[in-house]
Peer 1: 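I'd like to ask some things about the structure below.
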Amino acid sequence: MKRKLILVSKITVVTFVICCAYNNFFTKGMLTGIYINQNYHYTPNRVEIPYAPDTLTLLKNNQFFSNYWGIGSYEIFYTLGGTEIELTYNYRYGKAGYRTSIKRINFGMPKIILDIDRDHYYEKLE
């Protein structure tokens, strides 16, 4: 009986680790593509994120473009909490950047989180 309990515990831990890794860690190839701005219909409180329909395209050469940020570059970072992305772009006062996390909720498509409290994110299209 004790062996079965230990085996079930090990399987549970391994399954949990695999699920966390799948939902929080991404390779560059998994992230390139087109993202659509979602859940942006609320009173804005951050100037650096879009509150209107927008499409963000991440290219393989670490470049991106969107209607809101224009043309810029991105860099992928790996932390203990998962994958993060930093978008760097030009605006009228010089260079600016926005760094945020990337998550997959309930095994869905990757989401670039813009405001986690209001469930505001860019969701990747197929």
Side-chain angles (χ1 to χ4, degrees):
M1 183 69 176
K2 190 173 182 179
R3 283 185 175 176
K4 286 183 182 180
L5 184 61
I6 291 173
L7 179 63
V8 169
S9 298
K10 287 180 180 180
I11 290 172
T12 303
V13 168
V14 168
T15 303
F16 179 75
V17 168
I18 289 172
C19 289
C20 285
Y22 180 77
N23 285 324
N24 295 307
F25 293 95
F26 303 91
T27 64
K28 184 175 155 185
M30 295 166 72
L31 296 176
T32 57
I34 299 171
Y35 293 78
I36 303 296
N37 192 12
Q38 301 287 337
N39 297 335
Y40 52 84
H41 301 291
Y42 60 91
T43 304
N45 62 354
R46 291 181 167 175
V47 187
E48 65 269 7
I49 60 177
Y51 293 95
D54 189 34
T55 302
L56 173 68
T57 304
L58 299 180
L59 304 172
K60 291 181 181 179
N61 63 354
N62 285 21
Q63 300 295 308
F64 77 86
F65 59 90
S66 81
N67 293 331
Y68 184 78
W69 284 309
I71 298 172
S73 62
Y74 70 91
E75 193 171 346
I76 304 295
F77 298 94
Y78 298 99
T79 66
L80 291 176
T83 306
E84 294 184 356
I85 187 168
E86 183 173 32
L87 305 169
T88 305
Y89 54 94
N90 292 318
Y91 78 122
R92 65 180 172 208
Y93 299 113
K95 279 201 175 281
Y98 187 73
R99 186 169 176 164
T100 188
S101 61
I102 302 171
K103 305 283 183 204
R104 186 187 321 249
I105 310 298
N106 298 327
F107 300 97
M109 297 303 288
K111 296 178 181 180
I112 299 173
I113 306 300
L114 298 174
D115 188 339
I116 198 161
D117 294 332
R118 295 193 170 119
D119 196 31
H120 185 182
Y121 54 87
Y122 277 106
E123 184 172 27
K124 185 175 183 186
L125 294 178
E126 298 272 336

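Numbering starts at 1 and runs along the sequence shown.
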Peer 1: What do you reckon, is CD1 of Ile71 surrounded by more than 12 foreign heavy atoms closer than 6.0 Å?
Peer 2: no
Peer 1: I need the Leu59 CG to Ile34 CD1 distance, nearest 0.5 Å.
Peer 2: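 Nearest 0.5 Å value for the CG-CD1 distance: 9.5 Å.
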Peer 1: Test your reading of the model: is there a side-chain donor-acceptor pair from Tyr98 to the backbone of Tyr89, 3.5 Å cut-off?
Peer 2: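 Not at all, since once roles are kept as given, no pair shorter than 3.5 Å links the two residues.
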Peer 1: How many angstroms lie between atom CD of Glu84 and atom CZ of Phe26, to the nearest 0.5 angstrom?
Peer 2: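 Reported value, rounded in 0.5 Å steps: 12.5 Å.
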Peer 1: To the nearest 0.5 angstrom, please state how far the CD1 atom of Ile102 sits from the CG atom of Leu58.
Peer 2: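 Spacing of CD1 (Ile102) from CG (Leu58) equals 7.5 Å.
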Peer 1: Hydrophobic clustering (ILVMFWY, side-chain heavy atoms < 4.5 Å, transitive) - are Ile76 and Ile112 grouped together?
Peer 2: yes
Peer 1: Looking at Asp119, is its backbone amide N or carbonyl O close enough to the side chain of Asn39 to form a donor-acceptor pair, meaning the two atoms are under 3.5 Å apart?
Peer 2: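 Yes.
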Peer 1: Within a strict 4.5 Å, meaning less than it, do heavy atoms of the Tyr51 and Leu114 side chains meet?
Peer 2: no
Peer 1: Would you give the length of the straight line joining atom NE2 of His41 to atom CZ of Arg118, rounded to the nearest 0.5 angstrom?
Peer 2: 14.0 Å
Peer 1: Where is the tightest heavy-atom contact between Asp115 and Arg46, given as atom of each residue plus distance?
Peer 2: CA-NH1, 4.1 Å
Peer 1: Given side-chain contact (heavy atoms from CB on, under 4.5 Å), test Glu75 with Thr88 step by step and report yes or no.
Peer 2: CA-CA 8 Å; Glu75 193 171 346; Thr88 305; over 6 Å; no
Peer 1: Look at the side-chain heavy atoms of Ile, Leu, Val, Met, Phe, Trp and Tyr, link any pair under 4.5 Å apart, and say whether Tyr40 and Leu56 land in one connected group.
Peer 2: no
Peer 1: Using atom types as modelled and distance alone, determine if a side-chain donor or acceptor of Tyr121 lies under 3.5 Å from a backbone N or O of Pro110.
Peer 2: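 Not at all, since once roles are kept as given, no pair shorter than 3.5 Å links the two residues.
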Peer 1: Hey, what do you get for CZ (Phe77) to OG1 (Thr83), rounding to the nearest 0.5 Å?
Peer 2: 12.0 Å
Peer 1: Linking I/L/V/M/F/W/Y whenever any side-chain heavy atoms sit under 4.5 Å apart, do Tyr74 and Ile113 land together?
Peer 2: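 No, separate clusters.
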Peer 1: What distance separates Trp69 CH2 from Leu87 CG, expressed to the nearest 0.5 Å?
Peer 2: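 Going from the CH2 atom of Trp69 to the CG atom of Leu87 covers 5.0 Å.
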Peer 1: Checking Ile49 against Thr100 for the side-chain contact (heavy atoms from CB on, under 4.5 Å) test, could you report, in this order, the C-alpha distance in whole Å, the side-chain angles of both residues, the deciding distance, and whether it holds?
Peer 2: CA-CA 11 Å; Ile49 60 177; Thr100 188; over 6 Å; no
Peer 1: May I ask you to test the Ser66-Tyr35 pair for a side-chain heavy-atom distance under 4.5 Å?
Peer 2: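 SC-SC contact between Ser66 and Tyr35 ruled out.
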Peer 1: Do you know the tightest heavy-atom contact between His120 and Gln38?
Peer 2: CD2-O, 3.1 Å
Peer 1: Classify the ring geometry of Tyr78 against Phe25: parallel below 30°, tilted from 30° to 60°, perpendicular beyond 60°.
Peer 2: parallel
Peer 1: For the hydrophobic clusters of this structure (ILVMFWY residues joined by side-chain heavy atoms under 4.5 Å, transitively), does one cluster hold both Tyr68 and Tyr42?
Peer 2: yes
Peer 1: Where the side chain of Asn67 meets the backbone of Asp54, is there a donor-acceptor pair that is under 3.5 Å apart?
Peer 2: no
Peer 1: Hey, is the main chain of Gln63 close enough, under 3.5 Å, to the side chain of Ser73 for a donor-acceptor pair?
Peer 2: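 No, the answer is negative, given that no donor and acceptor are paired below the 3.5 Å cut-off.
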Peer 1: Would the distance check show the side chain of Lys124 and the main-chain N or O of Thr32 forming a donor-acceptor pair, the cut-off being under 3.5 Å?
Peer 2: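 A pair under 3.5 Å: yes.
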